[in-house]
Amino acid sequence: MRTFDFTPLYRSAVGFDRLATLLESAARTSEQGWPPYNIQSTGENQYRIEVAVAGFAPDELTVEVKENLLTVTGRKTANDDAGERTFLHRGLAERDFERRFQLADYVVVRSADLAHGLLTIDLARELPEALKPRTIAIGTGALIENKAGKAGKTAA
């Protein structure tokens with residue numbers, strides 16, 4: 001595993017500490033490869049995260065958003081029939097997990113669904129009206145003509 005030192009960024013860039021923290025966090029979480037997940041764009045401002053959670057029931061999963069951090073947690077309850085079964089091979093990982101996703105500003109979770117071993121989380125970017133692009137009306141230039149006319153009279 002390759003590690004990165006972000007110290008020079010902290011020394012030479014002011015106000016980018018959040019970006020450096022995100023980069024450090026991304027470097028750390030790439031070590032953890034379970035459970036696997038997909039992130040896809042489903043529209044201009046719409047996204048979907050799919051997390052492979054085979055063997056988990058809906059009541060064993062938690063999806064939480066706090067301050068732009070989406071956390072998906074799986075806590076496996078003890079299998080009552082585990083003593084009755086004899087495994088020759090056990091390939092399904094039924095261990096607890098926590099997967100975190102840093103959300104951009106104004107990205108909200110729309111829904112979360114569990115089907116066929118995939119937890120699907122739909123997200124959307126919802127910009128406030130004040131941040132949406134708006135068209136500014138262009139005047140006719142009447143103010144410029146009046147100022148030029150007054151300036152010409154005083155010079156003469």
Side-chain angles (χ1 to χ4, degrees), residues 1-140:
M1 154 105 185
R2 192 172 195 199
T3 59
F4 297 95
D5 181 18
F6 294 102
T7 307
L9 181 61
Y10 287 119
R11 284 193 304 247
S12 61
V14 177
F16 290 95
D17 50 329
R18 183 174 178 211
L19 175 62
T21 303
L22 286 173
L23 291 171
E24 285 178 345
S25 175
R28 276 193 308 272
T29 56
S30 64
E31 299 171 5
Q32 176 191 2
W34 196 84
Y37 64 94
N38 294 329
I39 300 176
Q40 50 183 299
S41 174
T42 58
E44 185 177 342
N45 287 311
Q46 299 174 348
Y47 308 92
R48 178 172 290 148
I49 298 173
E50 296 174 322
V51 184
V53 291
F56 282 86
D59 62 337
E60 297 171 325
L61 298 168
T62 304
V63 177
E64 180 181 78
V65 178
K66 184 179 179 184
E67 298 176 5
N68 292 3
L69 184 66
L70 169 64
T71 305
V72 179
T73 307
R75 300 282 178 244
K76 194 69 180 152
T77 56
N79 288 334
D80 295 335
D81 63 348
E84 299 172 11
R85 300 187 290 175
T86 303
F87 292 98
L88 299 178
H89 170 74
R90 190 161 189 170
L92 293 177
E94 293 182 343
R95 62 182 183 256
D96 295 348
F97 71 89
E98 183 174 274
R99 185 58 93 170
R100 296 173 183 228
F101 302 92
Q102 186 70 42
L103 303 179
D105 291 338
Y106 312 112
V107 172
V108 296
V109 176
R110 293 286 193 165
S111 65
D113 296 300
L114 179 63
H116 308 292
L118 283 179
L119 175 64
T120 304
I121 304 167
D122 288 315
L123 306 122
R125 179 181 292 127
E126 295 180 353
L127 288 177
E129 287 297 320
L131 297 178
K132 291 182 181 176
R134 58 188 176 103
T135 304
I136 308 300
I138 300 173
T140 60

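We count residues from 1, following the sequence as given. Note that the coordinates shown come from a computational prediction; the quantities given were computed from them, not determined experimentally.
- Counting heavy atoms from C-beta outward, Leu69 and Arg100 have side chains that approach closer than 4.5 Å.
- Contact annotation: the side chain of Val107 never approaches that of Leu70 to less than 4.5 Å [non-hydrogen atoms, C-beta and beyond].
- Checked against salt bridge (charged side-chain N to carboxylate O under 4.0 Å, His left out), Lys132 has the following partners two or more places apart in sequence or in another chain: Glu129.
- Atoms CD1 and CG, from Ile39 and Leu123 in turn, are 9.0 Å apart once rounded to the nearest 0.5 Å.
- The salt bridge (charged side-chain N to carboxylate O under 4.0 Å, His left out) search around Arg75 returns none, not counting sequence neighbours.
- Rounding to the nearest 0.5 angstrom, the gap separating the OG1 atom in Thr140 from the CD1 atom in Ile138 is 11.5 Å.
- A donor-acceptor pair is defined here as one N or O able to donate and one able to accept, closer than 3.5 Å; such a pair exists between the side chain of Lys76 and the backbone of Gly55.
- Not counting sequence neighbours, the partners of Phe101 by the ring-ring contact (aromatic ring centres under 6.0 Å, His included) test are Tyr37.
- Interatomic distance, Thr73 OG1 to Glu64 CD, rounded to the nearest 0.5 Å: 7.0 Å.
- At least one side-chain heavy atom of Leu119 sits under 4.5 Å from a side-chain heavy atom of Val63.
- The two residues Ser41 and Tyr47 make their nearest non-hydrogen contact at CA-CD2, 4.2 Å.
- In this structure, the side chains of Phe56 and Leu114 stay at 4.5 Å or more apart for every pair of heavy atoms.
- Legend: residues meeting side chain to side chain donor-acceptor pair (under 3.5 Å) with Asp96, ordered by chain and number and at least two apart, are absent.
- Annotation: side chain to side chain donor-acceptor pair (under 3.5 Å) contacts of Glu50 (sequence neighbours excluded): Asn38, Gln40.
- Taking 4.5 Å as the limit, some side-chain heavy atom of Arg48 sits within range of a side-chain heavy atom of Thr120.
- Among residues two or more places apart in sequence or in another chain, the salt bridge (charged side-chain N to carboxylate O under 4.0 Å, His left out) test is passed with Arg110 by Glu126.
- When all heavy atoms are compared, the tightest approach of Pro35 to Ala52 is CB-O, 3.2 Å.
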